Amino acid sequence: QKEVEQNSGPLSVPEGAIASLNCTYSDRGSQSFFWYRQYSGKSPELIMSIYSNGDKEDGRFTAQLNKASQYVSLLIRDSQPSDSATYLCAVNTEYSSASKIIFGSGTRLSIRP
Amino acid sequence: EPEVTQTPSHQVTQMGQEVILRCVPISNHLYFYWYRQILGQKVEFLVSFYNNEISEKSEIFDDQFSVERPDGSNFTLKIRSTKLEDSAMYFCASSVQGLRETQYFGPGTRLLVL
């Protein structure tokens, strides 16, 4: 059973601080990794994608991937109250010509003013 | 910016009834997906669809479920005889390619089976 594991939280971070979200995955053959943000009652919204080991930065967000450790993380700098949401780690498993995403259960992030 | 759309936003049905959930993927996308999320639980893959056929399906996607692309724009999920446990948010997603491509999610249809 291919799994994606996340700490469910809630993770409480003061406004302006760095929020650090972590994720591990079980399928060593996974190739694509995503962070989605989900507000309550809404659909997942893509924040970042990462495919290679190392860091990838986009604005206030940095994704980090370590395939040897099967570990993905997301850093959010200068956290804002609007960042309060559930963050879903997702991993692509590839079958034939299409692929499915396996989601973690999400980490609830709360930014306190 | 192009987006995936879904109708209806909410659907209430009686157990045993058939429901059809509709999706319009992003126009140049070739791969289509359905996911569901039971309240308080994780998002779960149901099925992927490419070139007018199912590419992959999960164990959740049993004979009660079917998908169809009836025309050039719509992508539907049919549940033949709904059960109480089918109550969930159903998300449609699409991507340009299948492998390593970002999947863009629609707003979802909240299905309640009574």
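None of the values given here were measured: they were computed from a predicted structure. Residue numbers begin at 1 in each chain, while the letters A, B, ... track the order of the sequences.
- In the hydrophobic clustering of this structure, B:Tyr90 groups with B:Ile60; members are Ile, Leu, Val, Met, Phe, Trp, Tyr whose side-chain heavy atoms approach within less than 4.5 Å, directly or through other members.
- Here the options are B:Gln103, B:Glu56, B:Lys57, the test is side-chain contact (heavy atoms from CB on, under 4.5 Å), and the partner is A:Lys100; only B:Glu56 passes.
- Of the possible donor and acceptor atoms, none in the side chain of B:Tyr33 sits under 3.5 Å from a partner among the backbone N and O of A:Ile101.
- Atom CZ of A:Arg108 is surrounded by 12 or fewer heavy atoms from other residues, nucleotides or ligands within 6.0 Å.
- For B:Gln37, the part sitting under 4.5 Å from any heavy atom of chain A is the side chain, from C-beta outward, and nothing else.
- One distance of note links OG of A:Ser8 with NZ of B:Lys42; it measures 11.5 Å at 0.5 Å rounding.
- Across all their heavy atoms, B:Pro107 and A:Ser43 have their closest contact at CA-OG, 3.8 Å.
- Under the 4.5 Å side-chain heavy-atom criterion for ILVMFWY residues, no single connected hydrophobic cluster contains both B:Val47 and B:Val4.
- Residues B:Phe105 and A:Leu88 share a hydrophobic cluster, clusters being chains of Ile/Leu/Val/Met/Phe/Trp/Tyr side chains in contact below 4.5 Å.
- Both A:Phe61 and A:Leu11 are assigned to one and the same hydrophobic cluster, defined by single-linkage of ILVMFWY side chains at heavy-atom distances under 4.5 Å.
- For chain B, the nearby part of A:Tyr36 is the side chain; its heavy atoms alone come within less than 4.5 Å.
- A:Glu45 does not touch chain B: none of its heavy atoms, backbone or side chain, sits under 4.5 Å away.
- Only the side chain of B:Phe91 has a heavy atom closer than 4.5 Å to any heavy atom of chain A.
- The neighbour count for B:Leu39 CG, taken as heavy atoms of other residues, nucleotides or ligands under 6.0 Å away, does not exceed 12.
- Around OH of B:Tyr104, the count of heavy atoms belonging to other residues, nucleotides or ligands within 6.0 Å does not exceed 12.
- To the nearest 0.5 Å, the span separating CE on B:Met89 from NZ on A:Lys42 amounts to 8.0 Å.
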